[in-house]
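A note on names: the letters A, B, ... follow the listed sequences, proteins ahead of strands, and every chain is numbered from 1.
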There are 2 protein chains.
Amino acid sequence: MKTRRDVFQAIADPTRRAILTLIALQSLTPNAIAEQFDSSRQAISKHIQILAECQLVSQQTIGREIYYQLNPAKMKEVSDWLAPFQKLWEDRYNRLDNVLSNLKNKENGKSEN
Amino acid sequence: MKTRRDVFQAIADPTRRAILTLIALQSLTPNAIAEQFDSSRQAISKHIQILAECQLVSQQTIGREIYYQLNPAKMKEVSDWLAPFQKLWEDRYNRLDNVLSNLKNKENGKSEN
DNA sequence: TATATATGCAATTATTTGGTTGCGCAAATA
DNA sequence: TATTTGCGCAACCAAATAATTGCATATATA
């Protein structure tokens, strides 16, 4: 819980993903979030802290309550990493097939694509 | 390294993400992949194994060599999870602003957007 | 002011993770 | 056939992680 702290590590945990979904449309306090899970408030609070550290959520204090909200811009980082792969599953022309046939014809002298 | 084995946990590691990028366009053997990193062949092989377990990569044996290739369909699972959030950062009308003002006007009697 | 509530922080523990080392096996090669 | 090469598997280890428990602090409320 010390060193690696990036968006990808943050969303690796299913509870944290659920939290993100939960607060996507409405800010919530730690207690309100914890109520939605079986885990203890402290456990949830730790997850929130991790999400906050990598800026996936931001907070707003109102009195003694702290409302946590999603930071969509940070979510976009995952999307951005994913973007280059996107055409691999979208293209009707799937490059993977070509890679495969290249491999199979390897000994014949490779014809890239 | 035993129980939880899903796509999100798999891409949490930067080395594994790099491997995915590396083999996105061309299948490679474990040795060829390991050459691109400082880590040992065995370390890389473990990463590959994790990627294979959650089906982010598939393999094809040719002689004694094993070519690993990206499975774009599995990558799409991440994209699918991300999709609902996407409009939050794409919309020029950002819902987050509304949540915030809702909070600020809370004591006035909430008007849920 | 005294008490209850909302929350963060620190210490502790069990589990998971990432990496190394050593070994075995099957396929290529001399 | 003997040797080299490419890989996977198992055991082991240090570091990171997730969760619990206990405590401190600030803000409401009686």
Between P of D:dA19 and CD1 of A:I50, the distance in whole Å: 9 Å
Footprint string (nucleotides 23-30 of chain C, 5' to 3'): B base within contact, S backbone only, - free, heavy atoms under 4.0 Å: ----BS--
side-chain contact (heavy atoms from CB on, under 4.5 Å) partners for A:A83, two or more places apart: A:Q86
5' precedence on DNA chain D between A:D38 and B:S45 (nearest-nucleotide basis): B:S45
Length of the CZ-C1' vector between A:R17 and D:dA18, whole Å: 15 Å
Gap between atoms CZ and C1', on B:F37 and C:dT20 respectively (whole Å): 18 Å
Pairwise ring pair (Phe, Tyr, Trp, His ring centres under 6.0 Å) hits with a residue in residues 20-59 of chain B, at least two apart: none
A:H47 side chain near D:dA19 phosphate (N/O to OP1/OP2, under 4.0 Å): yes
Could you pull out every donor-acceptor pair under 3.5 Å between side chains of residues 73-82 of chain B and any protein atom, sequence neighbours left out?
residue : atom : partner : partner atom : Å
B:K74   : NZ   : B:E77   : OE2          : 2.9
B:K76   : NZ   : B:D80   : OD1          : 3.0
B:K76   : NZ   : B:D80   : OD2          : 3.4

Touch class at under 4.0 angstrom, heavy-atom based, for B:T29 against every strand present: sugar-phosphate
Side-chain N or O of A:S40 closer than 4.0 Å to phosphate OP1/OP2 of D:dA19: no
Sugar-phosphate only, base, or nothing, as touched by A:Y68 at under 4.0 Å among non-hydrogen atoms: sugar-phosphate
Spacing of A:N31 atom CG relative to C:dT7 atom C1', expressed in whole Å: 8 Å
Gap between atoms NZ and P, on A:K46 and C:dT7 respectively (whole Å): 18 Å
Integer-rounded Å distance: C:dA6 C1' and A:I44 CD1: 16 Å
Length of the line joining A:I11:CD1 and D:dA18:P, which is rounded to integer Å: 13 Å
d(CD, A:Q60; C1', C:dT7) in whole Å: 16 Å
Donor-acceptor under 3.5 Å (B:R16 side chain, B:A10 main chain): yes
By side-chain contact (heavy atoms from CB on, under 4.5 Å) - contacts of A:A43 (at least two apart): A:S39, A:S40
Residue pairs involving residues 21-38 of chain B (criterion salt bridge (Lys or Arg N to Asp or Glu O under 4.0 Å); sequence neighbours excluded): none
Main-chain N/O of A:A12 paired with A:R17 side-chain donor or acceptor, under 3.5 Å: yes
